[in-house]
Amino acid sequence: MQLKLYKKSTIILFFVIIATLLSTIILISTRSKWGNNSLAILIGYFVAVSGLNMAFAYYDTMTDKRIIKKMVTSGQIALAYIKEGRFVRFIRDAKLNKYVLWEMDITLYDQNMQAHKTTMIEKFNISQTSIPSGHCYVTYNPEKPEDILLVPNVLISSIGAYQPLAMQYERVVKPKYLNSFYRYGNCLQTYEQSIKEQKEMEEQKN
């Protein structure tokens, strides 16, 4: 789903640029008619352009997070087993932060414990140089099976209503969980990797 969101953001950015250019051309071409309203017109122009760009930046950087929160709180999640991942491309957001897209082959277990083999594309921190095998939670709507996004573990654990479902998955699927968290893009690690990284950070502090 991240690739779909990126393409949609790119289209919106194109219209933002066109709107900015057109408004600039109109502003310059009507300069002779400004009269005594020059200051008010210029202030209005900069406020409008700044507001448009801020609105786009908010949309571009927050849309996936809002979708995840909405789907998780409405019960639209599933357990996924990640088999392997393939590098897709690097991207940047509206704030010029750099990310890497990975396509992952997954087996998705819905809440009826039925398995579905599919793929998903996720946006990761650029430090994600490979994709480990293991289990994690993802968003899942049976009516829109392509809308799959990685869910941070902390978000699942913070909702007590998911405990029975997690226990059911652990009985039936017996998952080997990965550490899924957000740090300037998603991160996926084995817990061994996370513990090693934490130790290295503590050693550097000392």
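From a predicted model like this one, the values you see are computed outputs, not experimental measurements. Count residues from 1 along the sequence.
Counting heavy-atom neighbours within 6.0 Å of Met54 CE, excluding the residue itself, gives a total of 12 or less. For Lys8, the NZ atom sits in a loose shell: 12 or fewer heavy atoms of surrounding residues, nucleotides or ligands are nearer than 6.0 Å. No more than 12 heavy atoms of other residues, nucleotides or ligands lie within 6.0 Å of NZ in Lys144, so this atom counts as exposed by the packing criterion. Counting heavy atoms of neighbouring residues, nucleotides and ligands inside a 6.0 Å radius, atom OH of Tyr184 does not exceed 12 of them. Within a 6.0 Å radius of CD in Gln193, other residues, nucleotides and ligands contribute more than 12 heavy atoms.
Residues Tyr140 and Ile77 are not in side-chain contact: their nearest non-hydrogen atoms beyond the backbone lie 4.5 Å or more apart. Residues Gln76 and Val72 fail the side-chain proximity criterion, which asks for heavy atoms closer than 4.5 Å. Looking at Glu84 and Arg86, their side chains come closer than 4.5 Å, going by heavy atoms from C-beta outward. Within the 4.5 Å cutoff, no side-chain heavy atoms of Ile106 are placed close to those of Tyr81. Tyr59 places a side-chain heavy atom less than 4.5 Å from the side chain of Ser9. Looking only at side-chain heavy atoms (C-beta outward), Ile121 and Glu103 come within less than 4.5 Å of each other. A 4.5 Å side-chain heavy-atom check between Met113 and Gln168 finds at least one atom pair inside the cut-off. Here the side chains of Lys70 and Arg66 are not in contact, with every heavy-atom distance at 4.5 Å or above.
Of the inter-residue distances, the one linking Thr119 atom OG1 with Ile82 atom CD1 reads 12.0 Å to the nearest 0.5 angstrom. In this structure, the separation between CD1 on Ile41 and CZ on Arg31 is 11.0 Å, given to the nearest 0.5 Å.
Although no hydrogens or angles enter the test, the distance criterion places no donor-acceptor pair under 3.5 Å between the side chain of Thr63 and the main chain of Asp60. Remark: the backbone N or O of Gly185 is not paired with any side-chain donor or acceptor of Asn97 at under 3.5 angstrom. Within the 3.5 Å criterion, the main-chain N or O of Gln114 finds no donor-acceptor partner in the side chain of Asn112. In this structure, the side chain of His135 engages the main chain of Lys176 through a donor-acceptor pair within 3.5 Å. A donor-acceptor pair under 3.5 Å is absent between the side-chain atoms of Asn179 and the main chain of Gln189, judged by distance alone. Panel note: side chain Ser157, backbone Val154; a donor-acceptor pair is recorded below 3.5 Å. At least one donor-acceptor pair closer than 3.5 Å links the side chain of Asn125 to the backbone N or O of Arg183. In this structure, the side chain of Tyr137 does not engage the main chain of Ser180 through any donor-acceptor pair within 3.5 Å. In this structure, the side chain of Thr139 engages the main chain of Asp147 through a donor-acceptor pair within 3.5 Å. A donor-acceptor contact shorter than 3.5 Å is absent between the side chain of Asn37 and the backbone of Ala40.
The minimum heavy-atom distance between Arg171 and Lys174, with the atom names listed, is O-NZ, 3.4 Å. For the pair Leu52 and Thr20, the tightest heavy-atom approach, listed with the atom from each and the gap, is CD2-OG1, 4.3 Å.
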Give the intermediate values and the outcome of side-chain contact (heavy atoms from CB on, under 4.5 Å) for residues Gln2 and Asp64.
CA-CA 8 Å; Gln2 286 285 8; Asp64 56 348; 3.2 Å; yes
After noting the C-alpha distance and the side-chain angles of Glu122 and Leu101, does the key distance pass the side-chain contact (heavy atoms from CB on, under 4.5 Å) rule?
CA-CA 6 Å; Glu122 188 53 84; Leu101 294 180; over 6 Å; no
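The closest side-chain donor-acceptor pair between Thr24 and Tyr45 falls under 3.5 angstrom. Side chains of Lys65 and Tyr182: a donor-acceptor N/O pair is present below 3.5 angstrom, by distance only.
A salt bridge is defined here as a Lys NZ or Arg NE, NH1 or NH2 lying under 4.0 Å from an Asp or Glu carboxylate O, and Lys117 with Asp105 fails to meet this definition.
Checked against ring pair (Phe, Tyr, Trp, His ring centres under 6.0 Å), Phe87 has the following partners two or more places apart in sequence or in another chain: Phe90.
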